[in-house]
A.B. asks: 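Take a look at this one; I'll ask things after.
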Number of protein chains: 2
Amino acid sequence: MKMHNPPHPGEVLRKLCLEPLGLTVTEAAKALGVSRKTLSSILNGRAGISPKMAVRLSLAFNTTAESWLNQQMQYDLWHAERNRKRLRVQKLSAA
Amino acid sequence: MKMHNPPHPGEVLRKLCLEPLGLTVTEAAKALGVSRKTLSSILNGRAGISPKMAVRLSLAFNTTAESWLNQQMQYDLWHAERNRKRLRVQKLSAA
DNA sequence: TAACCCGCAACGATATACGTTACACTAAAG
DNA sequence: CTTTAGTGTAACGTATATCGTTGCGGGTTA
């Protein structure tokens with residue numbers, strides 16, 4: 001069981017992509033082809049990274065879309081697992 | 001570049017979980033705590049596997065939620081990559 | 001025939017991604 | 001001090017997605 005809160009991918013994006021290149025949010029949003037608000041929401045953890053956005057990031061920053069989606073998945077999964085005790089689910093397979 | 005269409009996770013779910021246990025859709029849906037329609041949509045490729053659903057599957061079938069979300073991610077990513085040429089994105093990092 | 005299972009259409013509630021516009025705050029430059 | 005650039009974010013609209021309920025037609029089986 002992994003027990004530490006995975007960072008929101010937006011934080012990583014800012015620290016690893018925008019800051020090293022000295023990019024402003026406005027500049028990066030324009031280059032990515034999205035609105036400033038859309039990028040800002042991601043950077044501040046108010047929106048997730050969609051598959052389409054992951055592809056945009058891969059094109060702009062020469063990375064893999066998979067790595068971005070993977071981070072998003074880990075983040076979503078961690079939050080979903082936190083509430084798993086509230087789900088009433090019967091076991092269907094033998095342990 | 002991976003070039004083969006990844007299967008929809010719903011197919012895998014049916015083949016690897018429902019059929020081996022001889023479960024009907026109705027039974028499985030009840031055990032998972034979702035409506036028959038919800039599960040049917042997933043099995044027939046009309047809905048994706050959400051993080052919450054992945055946790056339900058992990059509890060019912062003694063698997064990892066990550067494996068289900070990973071399959072969903074590969075599926076979504078493949079479809080997003082297919083249209084990446086339509087995205088107007090500027091490169092921001094040196095190759 | 002009757003009981004059960006299935007896919008699916010229709011409708012609503014809720015959430016997310018994305019856009020535009022507008023406002024207030026900050027920091028830097030004139 | 002005034003102007004400007006950058007930022008966060010609220011409001012509002014649109015499109016799409018998950019998930020629920022209800023109901024219907026078709027298939028299988030007892």
Side-chain angles (χ1 to χ4, degrees), chain A residues 8-11 13-15 17-19 21-60 65 68-69 71-73 75-77 79-80 82-84 86-89 92, chain B residues 8-11 13-15 17-19 21-60 65 68-69 71-73 75-84 86-89 92:
Chain A
H8 190 280
E11 297 178 33
L13 177 57
R14 191 195 294 269
K15 296 260 167 63
C17 297
L18 300 208
E19 291 184 354
L21 295 174
L23 288 169
T24 68
V25 177
T26 304
E27 288 169 338
K30 185 166 296 185
L32 287 166
V34 300
S35 71
R36 180 170 66 88
K37 169 176 176 39
T38 295
L39 180 56
S40 176
S41 294
I42 291 171
L43 293 175
N44 293 284
R46 281 181 180 71
I49 294 186
S50 65
K52 188 184 292 187
M53 180 61 70
V55 174
R56 289 183 192 274
L57 292 174
S58 73
L59 293 172
W68 294 109
L69 275 191
Q71 289 181 57
Q72 185 64 49
M73 189 190 73
Y75 182 84
D76 291 341
L77 185 53
H79 287 85
R82 267 181 37 189
N83 303 347
R84 73 196 185 92
R86 299 185 197 168
L87 302 176
R88 283 199 251 100
V89 176
L92 286 174
Chain B
H8 190 280
E11 298 177 33
L13 177 57
R14 191 194 295 268
K15 297 259 168 62
C17 297
L18 299 207
E19 291 184 354
L21 296 174
L23 289 167
T24 68
V25 178
T26 303
E27 289 168 337
K30 184 166 297 186
L32 288 166
V34 300
S35 71
R36 178 170 67 87
K37 167 169 178 44
T38 295
L39 180 56
S40 176
S41 294
I42 291 171
L43 292 175
N44 293 285
R46 283 180 180 71
I49 294 186
S50 65
K52 189 184 292 187
M53 180 61 69
V55 174
R56 289 183 192 274
L57 293 173
S58 73
L59 293 172
W68 294 109
L69 274 191
Q71 289 181 58
Q72 185 63 49
M73 189 190 73
Y75 182 83
D76 291 341
L77 185 53
W78 191 84
H79 286 85
E81 296 262 28
R82 267 181 38 190
N83 302 347
R84 73 196 184 91
R86 298 186 198 168
L87 302 177
R88 283 198 252 102
V89 177
L92 286 175

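Just so we're on the same page: letters track the sequence lines, and every chain starts at 1.
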A.B. asks: If you assign each of A/N44 and A/K37 to its closest nucleotide in DNA chain D, which residue comes earlier from the 5' end?
C.D. replies: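 The answer here is A/N44.
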
A.B. asks: So does A/T26 get a side-chain nitrogen or oxygen closer than 4.0 Å to the phosphate oxygens (OP1/OP2) of D/dT7?
C.D. replies: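 It does, given that an N or O in the side chain of A/T26 lies less than 4.0 Å from OP1 or OP2 of D/dT7.
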
A.B. asks: Answer whether the closest heavy-atom distance between the side chains of B/V55 and A/N83 falls below 4.5 Å.
C.D. replies: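 No; the side chains remain at least 4.5 Å from each other.
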
A.B. asks: Which whole-number value in Å describes the distance from B/M53 CE to D/dA17 P?
C.D. replies: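 Going from B/M53 (CE) to D/dA17 (P), I get 16 Å.
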
A.B. asks: Just the rounded figure in Å: distance from C1' of D/dA17 to OH of B/Y75.
C.D. replies: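 Value for this atom pair: 14 Å.
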
A.B. asks: Quick check: do B/L18 and B/L43 have side-chain heavy atoms less than 4.5 Å from each other?
C.D. replies: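 They are in side-chain contact.
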
A.B. asks: Would you mind reading off the distance between A/H8 atom NE2 and C/dT16 atom C1', rounded to a whole angstrom?
C.D. replies: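 A/H8 atom NE2 is separated from C/dT16 atom C1' by 12 Å.
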
A.B. asks: Please tell me if A/S50 has a side-chain N or O lying less than 4.0 Å from either OP1 or OP2 of C/dC18.
C.D. replies: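 Result: yes.
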
A.B. asks: For the backbone of B/K37 and the side chain of B/S40, can you confirm whether one donor and one acceptor N or O come within less than 3.5 Å of each other?
C.D. replies: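 Such a contact is absent between B/S40 side chain and B/K37 backbone.
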
A.B. asks: May I ask you to say what A/S35 touches in the nucleic acid, namely base, sugar-phosphate or nothing, with a heavy-atom cut-off under 4.0 Å?
C.D. replies: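 The residue A/S35 makes base contact.
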
A.B. asks: For the pair made of CG in A/L39 and C1' in C/dT16, what is the distance, rounded to whole Å?
C.D. replies: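 Result: 17 Å.
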
A.B. asks: Pair A/R14, A/N44 - check side-chain contact (heavy atoms from CB on, under 4.5 Å), show working.
C.D. replies: CA-CA 9 Å; A/R14 191 195 294 269; A/N44 293 284; 3.6 Å; yes

A.B. asks: Counting only side-chain nitrogens and oxygens, does B/T38 get under 4.0 Å of the OP1 or OP2 atom of D/dG20?
C.D. replies: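 B/T38 to D/dG20 OP1/OP2: side-chain N or O found under 4.0 Å.
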
A.B. asks: Can you tell me how far P of D/dT16 sits from NE2 of B/H79, to the nearest Å?
C.D. replies: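 Rounded to whole Å, this separation is 16 Å.
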
A.B. asks: Could you tell me the separation between the CG atom of B/L69 and the P atom of D/dT18, rounded to a whole number of Å?
C.D. replies: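 Value for this atom pair: 12 Å.
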
A.B. asks: In this structure, how many angstroms lie between the P atom of C/dC5 and the CD atom of B/E19, rounded?
C.D. replies: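 Distance check: B/E19 CD to C/dC5 P gives 17 Å.
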
A.B. asks: Looking at B/R36 and C/dG7, is any side-chain donor or acceptor paired with a base atom of the opposite kind under 3.5 Å?
C.D. replies: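 Answer yes: a donor N or O sits under 3.5 Å from an acceptor.
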
A.B. asks: A/T38 and A/S41: side-chain donor and acceptor closer than 3.5 Å?
C.D. replies: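 Checked: A/T38/A/S41 side chains show no N/O donor-acceptor pair below 3.5 Å.
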
A.B. asks: At under 4.0 Å between heavy atoms, what does B/R46 touch on the DNA or RNA strands: base, sugar-phosphate, or nothing?
C.D. replies: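 Sugar-phosphate: the residue B/R46, judged by heavy atoms under 4.0 Å, touches backbone atoms but no base.
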
A.B. asks: What nucleic acid atoms does B/K52 come within less than 4.0 Å of, heavy atoms only: base, sugar-phosphate, or nothing?
C.D. replies: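 Touches nothing.
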
A.B. asks: Whole-Å distance between C/dC6 C1' and B/L18 CG?
C.D. replies: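 To the nearest whole Å, that distance equals 13 Å.
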
A.B. asks: Heavy atoms only, 4.0 Å cut-off, all strands: where does B/G45 land among base, sugar-phosphate and nothing?
C.D. replies: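 The residue B/G45 makes no contact with any strand.
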
A.B. asks: Compare side-chain N and O positions of A/T24 against OP1 and OP2 of D/dT7 and report whether any pair is under 4.0 Å apart.
C.D. replies: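 Yes, A/T24 has a side-chain N/O under 4.0 Å of OP1/OP2 on D/dT7.
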
